[in-house]
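What follows is a short report on a single structure.
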There are 2 protein chains.
Amino acid sequence: MTSTHEKVSPLPQSKAAAYTRESAASGVEQALKLLEGRWKLVILFHLFGGRVLRFSDLERAIPAISQKMLAQQLRQMEGDGIVRRVVYPQVPPKVEYALTEWGQALCPALDALLAWAAARPAE
Amino acid sequence: MTSTHEKVSPLPQSKAAAYTRESAASGVEQALKLLEGRWKLVILFHLFGGRVLRFSDLERAIPAISQKMLAQQLRQMEGDGIVRRVVYPQVPPKVEYALTEWGQALCPALDALLAWAAARPAE
DNA sequence: CGGGATCCAAGCGGATACTG
DNA sequence: CAGTATCCGCTTGGATCCCG
């Protein structure tokens, strides 16, 4: 199954239904864990659209971030397969960052989240 | 605009483009903040499909959670307009939890996230 | 230029005990 | 039954300094 819109069973006597809920929850949890981190979304949005940026470009684009955080978040996203890192063996060093195809594929999902947030009723 | 799939400007000289990226990032960030918390997604998935559960039902459904955390996360989601809380003035007390319409509307967005996670290439 | 190493403060979440 | 109150450890993230 790929949908979370499962029919509600009036009496959830089915273990399969419970398993479905748990696995869906943990699946989304794993996805969100990849996006956790104070700066990942900001970085992500700067790289969307196929943009390729150097480390210093990102520093300039996100003035509030520290070098440590920028490096750390980029490393994690690289390890997670969201970001591709290209090192040019030259001096002074030059490193470029871009999204992988899978990273780009996050766009529709974040769009859906954005749409949901926009639909928030007034309180 | 509602889409994050904006065309990449070869030279991002447009301030509008930058503003778009920033606001989209912060929009999604705000959405994700509502879902942050160790147990919110688990609770959410137990309430999806229009299920109505009592406090003790949720405790039984999520054995690993503590009372403090269950109450806290439910309060936050109630305050955020995701969960509706109904108190029956009787003794012993009875409190039921269900998703608001807006809470239910999270389903497609989480589906998209789930689909994205499932599309992760093998490493 | 593009980091790594270290130290430190704040906040999140867990365990336990108590209550209307 | 459905919480609240308190304490406490661990993780996250910021500041600073150093390096190839």
Side-chain angles (χ1 to χ4, degrees), chain A residues 25-26 28-47 51-80 82-99, chain B residues 25-26 28-47 51-80 82-99:
Chain A
S26 72
V28 176
E29 247 173 306
Q30 289 178 34
L32 287 189
K33 274 187 71 168
L34 303 184
L35 304 179
E36 257 169 45
R38 177 70 186 79
W39 301 101
K40 286 188 183 170
L41 285 175
V42 186
I43 297 172
L44 220 38
F45 274 83
H46 276 281
L47 292 178
R51 276 175 289 261
V52 178
L53 296 176
R54 298 182 56 169
F55 191 88
S56 47
D57 291 333
L58 286 167
E59 281 191 286
R60 241 169 289 115
I62 315 171
I65 200 176
S66 66
Q67 282 194 326
K68 165 194 169 184
M69 275 297 116
L70 182 54
Q72 181 189 103
Q73 310 269 295
L74 283 170
R75 295 293 185 175
Q76 287 178 15
M77 295 175 89
E78 185 198 2
D80 291 336
I82 297 174
V83 161
R84 178 167 22 248
R85 177 169 179 266
V86 180
V87 182
Y88 294 85
Q90 63 186 41
V91 41
K94 170 179 171 181
V95 181
E96 283 182 347
Y97 293 91
L99 293 185
Chain B
S26 71
V28 176
E29 247 173 306
Q30 289 178 34
L32 287 190
K33 273 186 74 169
L34 303 185
L35 304 179
E36 255 169 46
R38 177 70 186 79
W39 301 101
K40 287 188 183 171
L41 284 176
V42 185
I43 297 172
L44 220 38
F45 274 85
H46 276 281
L47 292 178
R51 276 174 290 261
V52 177
L53 297 176
R54 299 180 55 169
F55 191 87
S56 48
D57 292 333
L58 286 166
E59 279 192 285
R60 240 170 289 115
I62 315 170
I65 200 176
S66 67
Q67 282 194 325
K68 166 191 168 185
M69 274 297 119
L70 182 54
Q72 180 189 104
Q73 310 269 292
L74 283 170
R75 297 291 185 174
Q76 287 178 16
M77 296 174 88
E78 186 198 359
D80 292 336
I82 297 173
V83 161
R84 180 168 19 247
R85 179 171 179 263
V86 180
V87 183
Y88 294 85
Q90 64 185 43
V91 43
K94 171 176 170 182
V95 181
E96 285 182 346
Y97 293 91
L99 294 184

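Every chain is numbered from 1, with letters handed out A, B, ... down the list of sequences.
Rounded to whole angstrom, the span from the CZ atom of A:R85 across to the P atom of C:dG2 amounts to 10 Å. Note: CG (B:L53) to C1' (D:dG3) measures 17 Å, nearest angstrom.
Contact record, B:Y88 with B:E96: OH-OE1, 2.9 Å, taken as the closest heavy-atom pair. Shown here for B:L41 and A:A25, the closest heavy-atom pair between the two residues is O-CB, 4.3 Å. Here the closest heavy-atom approach between residue B:E59 and residue B:L70 is recorded as CG-CD2, 3.5 Å.
Within residues 88-99 of chain B, the residues that place at least one heavy atom under 4.0 Å from DNA chain C are, in residue-number order, B:P93. Remark: nothing in residues 33-44 of chain B comes within less than 4.0 Å of DNA chain D through any heavy atom. The stretch residues 56-78 of chain A comes close to DNA chain D through A:K68, A:M69, each having a heavy atom under 4.0 Å from the strand.
Within the 3.5 Å criterion, the main-chain N or O of A:R54 finds a donor-acceptor partner in the side chain of A:D57. Judged by distance alone, the side chain of B:Q73 and the main-chain N or O of B:W39 form a donor-acceptor pair under 3.5 Å. Looking only at distances, no side-chain donor or acceptor of A:R84 sits under 3.5 Å from a matching main-chain atom of A:Y97. In terms of modelled atom types and a separation under 3.5 Å, the side chain of A:R85 and the main chain of A:R75 share no donor-acceptor contact.
Interatomic distance, B:L99 CG to B:M77 CE, rounded to the nearest 0.5 Å: 7.0 Å. Going from atom CG of A:L53 over to atom NE2 of A:H46 covers 8.5 Å, rounded to the nearest 0.5 Å.
Salt bridge annotation for B:R38-A:E29: present, with a cationic side-chain nitrogen under 4.0 angstrom from a carboxylate oxygen.
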